[in-house]
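Within every chain, numbering begins at 1; the chains are lettered A, B, ... in the order of the sequence lines, protein sequences first and strands thereafter.
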2 protein chains.
Amino acid sequence: MPRALEFDYETSLDRATRLFWKSGYAGTSLRDLLKGMGIGESSFYNTHKSKKHAYLECLKHYNETVNRKRAEAFFIAPTAALGIRALFKTVLDCLDDPNTPSLVCLMAGSLTHEVLDEPELRQYVEERMTLLADAMIARMSADKQAGVLEEKLDPHLVVPVIITYLQGIWRMALVFYERSRFEGQIDVFLTGLGL
Amino acid sequence: MPRALEFDYETSLDRATRLFWKSGYAGTSLRDLLKGMGIGESSFYNTHKSKKHAYLECLKHYNETVNRKRAEAFFIAPTAALGIRALFKTVLDCLDDPNTPSLVCLMAGSLTHEVLDEPELRQYVEERMTLLADAMIARMSADKQAGVLEEKLDPHLVVPVIITYLQGIWRMALVFYERSRFEGQIDVFLTGLGL
DNA sequence: GACTAGTTGTAGCACCTGCTACAGAATGGA
DNA sequence: TCCATTCTGTAGCAGGTGCTACAACTAGTC
């Protein structure tokens, strides 16, 4: 091994993730990235095939850190219903956190032409969203069998509704955000669904 | 009047709108616009101060045509509840229409940093969204007074929930769209709210 | 100490971005 | 017919884009 990397890959990736998170894929130029990551073009292209691939790595990193915590909040809760409420709470906490780079989740922010038009990125986003949906569906089904959840509730129908609403929240927050209002609206939404 | 415009302003604006609608603000270059509109840079900058202002004009044009029909569907319906269902139907019809340039409403697609960071654009989007919300709230309040709508339903809480869900739909459609599934989900969502 | 394999900084490529300057063309009124 | 006024096409600017070529550097191996 003739020469070691002069920068820490993990921290540079974390910085890149925050940059993409803040301004989106197209809104973050390569120069912005390099400056934020603290490396030069050579180092960048030695570790990332292209800007697109770097973005994909950032998406993965984001899922393994930020979204992982959200998923945990869901799974730790004693019931699916409480888990979903916990999940929404993490979203509001994120919106409130002054440390958060942006009012859109990086994954939710990837639901745009510019990202979805790239097959590799699209595939990953689709994959991740189905993964989340399937996990929620499984959890709710288990609750139903255990008798904790109303029998008439169809997880295959309710879960997509929840995810859709979640996406809506990330968009609305960009325009109007006020915690108490959002809390009230989420409550109306979830109790309506019977959760 | 020394010389008349050689192109029709309205049709050129309509074409521009469809281009922005298809690929978003940043995704549509000035060259794309000119080509699609069938005019040269001189003509463009004689009628539009800048690309940003042209986008604003397109947003207005979109609201006066596409969104106007949606609003009409809402107001024509005998009750607010039916109006909201009619509104959702127009959205699904739009998603199904092969003539539709994109699976995101131009207004919903404007809920991005790139657009919202421009003060003039942001102001217009905010204004339009509050306008729609207020109209829906007023309609629901009237229905409540008339005894057509459940008393316990709070329009100021329910309407934002509906709009949030609407935004979510426009995002989810980019990833997974299937009419029958969406119909089922919308029904679960609205009946949950008591509509 | 030479060799080799890897990393780094610099300079620059070809292309695209929104936008402008300017000459030429077309039309009305005097 | 000349003028003024407006429109249009062309050419090009200054700056930004993602990316690459290349020389210099750094380390471990022989």
Item to check | Proximity to the side chain of B/F7 - top-ranked nucleotide from D/dT17, D/dT8, C/dG9 | outcome: D/dT8
Checklist entry - How long is the gap from SG on A/C94 to NZ on A/K69, to the nearest 0.5 Å? => result 10.0 Å
Next on the checklist: How many whole angstroms separate atom CG of A/N46 from atom P of D/dC19?
Outcome noted: 14 Å
Checklist entry - B/E183 pairs by side-chain hydrogen bond (donor to acceptor under 3.5 Å, both in side chains) with which of B/Q185, B/R179, B/R181? => result B/R179
Checklist outcome for this item: In whole angstroms, the gap separating P of C/dG18 from OH of B/Y55 amounts to 14 Å
Checklist entry - Is A/T28 touching bases, backbone alone, or none of the nucleic acid, heavy atoms closer than 4.0 Å? => result sugar-phosphate
Checklist entry - Do B/S110 and B/Y55 meet the criterion of a side-chain donor-acceptor pair at a distance under 3.5 Å? => result yes
Checklist entry - D/dT10 C1' sits how many Å from B/L34 CG, rounded? => result 13 Å
Checklist entry - Nearest-Å distance, OH (B/Y9) to C1' (D/dT8)? => result 18 Å
Checklist entry - When all nucleic acid strands are considered with a 4.0 Å heavy-atom cut-off, which category describes B/I39: base, sugar-phosphate, or nothing? => result nothing
Next on the checklist: Between B/D32 and B/T28 (side chain of the first, backbone of the second, donor and acceptor by atom type, cut-off under 3.5 Å), is there such a pair?
Outcome noted: no
Item to check | A/M37 CE to C/dG9 P, straight-line distance once rounded to whole Å | outcome: 13 Å
Next on the checklist: Given D/dT17, D/dC7, C/dT8, identify the nucleotide with an atom nearest to the side chain of A/L5.
Outcome noted: C/dT8
Item to check | Between C1' of C/dG9 and OH of A/Y45, the distance in whole Å | outcome: 16 Å
Checklist outcome for this item: Side-chain contact check for A/S42: nearest option of C/dT8, C/dC19, C/dA11 is C/dT8
Next on the checklist: Can you measure A/L33 atom CG to D/dC19 atom P for me and round it to whole angstrom units?
Outcome noted: 10 Å
Checklist outcome for this item: Contacts of B/K49 and B/S29 projected onto DNA chain C by closest heavy atom; the upstream (5') one is B/S29
Item to check | Proximity to the side chain of A/E41 - top-ranked nucleotide from C/dT10, C/dT8, D/dT8 | outcome: C/dT10
Item to check | Length of the NZ-P vector between A/K52 and D/dT17, whole Å | outcome: 19 Å
Next on the checklist: Can you confirm whether or not the ring centre of B/H48 sits under 6.0 Å from the ring centre of B/Y9?
Outcome noted: yes
Next on the checklist: So, under a plain 3.5 Å distance rule, would you say the side chain of A/R31 forms a donor-acceptor pair with the base of D/dG16?
Outcome noted: no
Next on the checklist: Over all strands shown, is A/L30 touching base, sugar-phosphate only, or nothing at heavy-atom distances under 4.0 angstrom?
Outcome noted: base
